[in-house]
Amino acid sequence: MKSKLIALTVLVSVFFSSCNAVDNLLSFTISNETSIKIQSTSPINLPSEIITPEVTTNSSAEFANNKTKASLVKDVKIRSLKLSISDPSDKTFTFLKSVHLYISTNNSNEIELAYQDNINTSSNTIDLICTDKRLDEYIKADSYKIRTQVTLKETLTKDVTVKADMKFRVTADPF
C-alpha cells in the first residue's frame, strides 16, 4: 500500500512538473513601451489623468516570430512595468506620490495594469506592482490605450517625460 502511495505521488509530481515545462517551452515575452508626459500644471495631492497615444502591439509579428498565432494564445499577463524619467535627465521620482496605469482597447473594458502608491524614492526609475489580470484580448489587438493616473506630492517647475517599459508573458497552445 505504501509503495502504491509513493508511486502515485511521484506520478502526480511528474505530471505537474511536465505541464510547467511545456508551458515554459510555449511561453515568450513581448515588450512594448510608451511615453507619459506629466504636465507642470498638474495639481498637488489630487489625481490627474494622462492619456497616452495608442500603443501599436505588433503582436501578429511577435506571434509569428515565436511560431504561434493569436488563435493559439491562451494566456497573457504583465510581468514587469518599469518607469524611467527621460526628460529632464537629472529629475528623480521624489515629486510623485502615486501612479496607476490602466489598459483598454476599442473593444475591451479598461482594467488596471500596474500601480505604485506611497512612492518614496530618489531614483529616476521605479518598478510598478503588476496586477495578475489576463491581458489576452489587449495584446492580441492591433493597438491598445494606456491611461495613467498620477498624484504629485510637490510642484513641478517643468514638464516631466516618463518612459514606460512593459513586458508581457505570453503562453500559447502548441496547436
Side-chain angles (χ1 to χ4, degrees), residues 27-66 70 73 75-172:
S27 296
F28 55 94
T29 300
I30 292 179
S31 300
N32 282 324
E33 69 177 49
T34 191
S35 287
I36 302 162
K37 189 172 203 170
I38 303 171
Q39 303 286 329
S40 60
T41 56
S42 298
I44 297 176
N45 288 324
L46 291 175
S48 56
E49 307 284 321
I50 303 165
I51 307 293
T52 62
E54 285 194 356
V55 178
T56 304
T57 63
N58 260 348
S59 58
S60 297
E62 291 280 354
F63 296 153
N65 289 342
N66 287 283
V73 170
D75 189 33
V76 179
K77 293 192 177 167
I78 188 152
R79 286 296 163 228
S80 69
L81 202 155
K82 183 177 195 169
L83 300 181
S84 55
I85 298 175
S86 55
D87 185 46
S89 58
D90 62 338
K91 188 73 175 159
T92 65
F93 279 110
T94 55
F95 69 92
L96 196 57
K97 183 176 183 178
S98 70
V99 60
H100 291 253
L101 274 75
Y102 302 87
I103 188 170
S104 66
T105 68
N106 291 336
N107 301 324
S108 305
N109 292 331
E110 180 180 80
I111 60 171
E112 189 167 29
L113 191 59
Y115 65 94
Q116 188 68 264
D117 290 317
N118 302 314
I119 297 170
N120 190 15
T121 184
S122 57
S123 174
N124 66 347
T125 63
I126 55 173
D127 291 312
L128 301 188
I129 299 166
C130 297
T131 63
D132 200 27
K133 303 223 169 100
R134 290 185 61 142
L135 303 169
D136 307 24
E137 58 192 291
Y138 303 91
I139 299 304
K140 288 179 184 180
D142 292 333
S143 64
Y144 56 81
K145 298 175 193 127
I146 296 289
R147 180 178 65 86
T148 307
Q149 184 180 56
V150 296
T151 304
L152 305 182
K153 60 183 171 188
E154 62 184 56
T155 304
L156 292 175
T157 57
K158 198 174 166 182
D159 292 351
V160 176
T161 304
V162 176
K163 183 175 78 169
D165 286 316
M166 300 167 275
K167 299 206 182 310
F168 300 93
R169 179 140 171 104
V170 178
T171 304

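Side chains are part of it too, since the values below use all heavy atoms of this structure and drop only hydrogens, waters and symmetry mates. Model, not experiment: these values are computed from the prediction.
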Original post:
What pairs with Lys37 under salt bridge (Lys or Arg N to Asp or Glu O under 4.0 Å), at least two apart in sequence or on another chain?
Top reply: none

Original post:
Are the side chain of Ser84 and the backbone of Thr125 linked by a donor-acceptor contact shorter than 3.5 Å?
Top reply: no

Original post:
Taking Asp159 for the side chain and Gln39 for the main chain, is one N or O donor matched with an acceptor at less than 3.5 Å?
Top reply: no

**OP:** Evaluate whether atom NZ of Lys91 has more than 12 neighbouring non-hydrogen atoms of other residues, nucleotides or ligands under 6.0 angstrom away.
**Re:** yes

**OP:** For Thr57, enumerate each residue passing the side chain to side chain contact (heavy atoms under 4.5 Å, CB included) test, keeping only those at least two apart in sequence or located in another chain.
**Re:** Ser59, Tyr144

Original post:
Taking atom CG of Asn65 as the centre, does the number of heavy atoms from other residues, nucleotides or ligands within less than 6.0 Å exceed 12?
Top reply: yes

**OP:** For residues Ile85 and Thr161, determine if any side-chain heavy atom of one lies less than 4.5 Å from a side-chain heavy atom of the other.
**Re:** no

Subject >> With Val150, the side chain to side chain contact (heavy atoms under 4.5 Å, CB included) member among Ile119, Val99, Val160, Leu101 >> reply: Val99

Subject >> Spatial distance of atom OG (Ser60) from atom NZ (Lys140) [nearest 0.5 Å] >> reply: 11.0 Å

**OP:** Please determine, by modelled atom types, if Ser27 and Thr171 share a side-chain donor-acceptor pair under 3.5 angstrom.
**Re:** yes

Original post:
Can you check whether Leu81 reaches Leu83 side chain to side chain, under 4.5 Å on heavy atoms?
Top reply: yes

**OP:** Go through the steps for Thr155 and Thr157 under the test side chain to side chain contact (heavy atoms under 4.5 Å, CB included), then give the verdict.
**Re:** CA-CA 6 Å; Thr155 304; Thr157 57; 5.5 Å; no

**OP:** Search all heavy atoms of Leu46 against all heavy atoms of Thr151 and return the closest pair with its distance.
**Re:** N-CG2, 3.9 Å

**OP:** Kindly give the heavy-atom pair with the smallest separation between Ile36 and Ala164, and that separation in Å.
**Re:** CD1-CB, 4.1 Å

Original post:
Short question: side chain of Gln116, backbone of Asp127 - any donor-acceptor pair under 3.5 Å?
Top reply: yes

**OP:** Look up atom CD in Glu62 and atom OG1 in Thr29, then write down how far apart they are to the nearest 0.5 Å.
**Re:** 9.5 Å

Original post:
Would you say Lys82 has more than 12 foreign heavy atoms packed within less than 6.0 Å of its NZ?
Top reply: no

**OP:** For Lys158, check salt bridge (Lys or Arg N to Asp or Glu O under 4.0 Å) against everything at least two apart and list the hits.
**Re:** none

**OP:** Determine the minimum heavy-atom distance between Ile78 and Leu135, stating which atoms define it.
**Re:** N-CD1, 3.5 Å

Original post:
Checking side chain to side chain contact (heavy atoms under 4.5 Å, CB included) against Tyr138, which of Leu113, Val76, Val55, Ile111 comes through?
Top reply: Ile111

**OP:** Sort and list the pairs that fulfil salt bridge (Lys or Arg N to Asp or Glu O under 4.0 Å) and have at least one residue in residues 112-126, not counting sequence neighbours.
**Re:** none

Subject >> Minimum heavy-atom distance between Ala114 and Cys130, given as atom pair plus value >> reply: CB-CA, 4.1 Å

Original post:
Is Asp165 paired with Lys163 through a side-chain N to carboxylate O contact shorter than 4.0 Å?
Top reply: yes

Original post:
Restricting to pairs with a member in residues 101-110, which pass side chain to side chain donor-acceptor pair (under 3.5 Å), not counting sequence neighbours?
Top reply: Thr105-Ser108, Asn106-Lys145, Ser108-Glu137, Glu110-Arg147

Original post:
Within a strict 4.5 Å, meaning less than it, do heavy atoms of the Tyr115 and Leu128 side chains meet?
Top reply: no

Original post:
Going by heavy atoms in the side chains, are Val162 and Ile38 under 4.5 Å from each other?
Top reply: yes

**OP:** Evaluate the criterion side chain to side chain contact (heavy atoms under 4.5 Å, CB included) for residue pair Thr121 and Thr94; output intermediate values, then yes/no.
**Re:** CA-CA 6 Å; Thr121 184; Thr94 55; over 6 Å; no

Original post:
Looking at residues at least two apart in the chain, or sitting in another chain, which of them share a salt bridge (Lys or Arg N to Asp or Glu O under 4.0 Å) with Asp75?
Top reply: Arg134

**OP:** Nearest 0.5 Å please: distance from the CG atom of Asp87 over to the OG atom of Ser35.
**Re:** 10.0 Å

**OP:** With rounding to the nearest 0.5 Å, note down the distance linking NE2 in His100 to OG1 in Thr131.
**Re:** 11.5 Å

Subject >> Between CD on residue Glu33 and NZ on residue Lys167, distance to nearest 0.5 Å >> reply: 9.0 Å

Subject >> Gap separating the CZ atom of Phe95 from the CG atom of Leu152, nearest 0.5 angstrom >> reply: 6.5 Å

Original post:
Under 4.5 Å between any side-chain heavy atoms of Ile103 and Ile146, yes or no?
Top reply: yes

Original post:
Should the heavy atoms of other residues, nucleotides or ligands under 6.0 Å from CG of Asn45 be counted, would the total exceed 12?
Top reply: yes

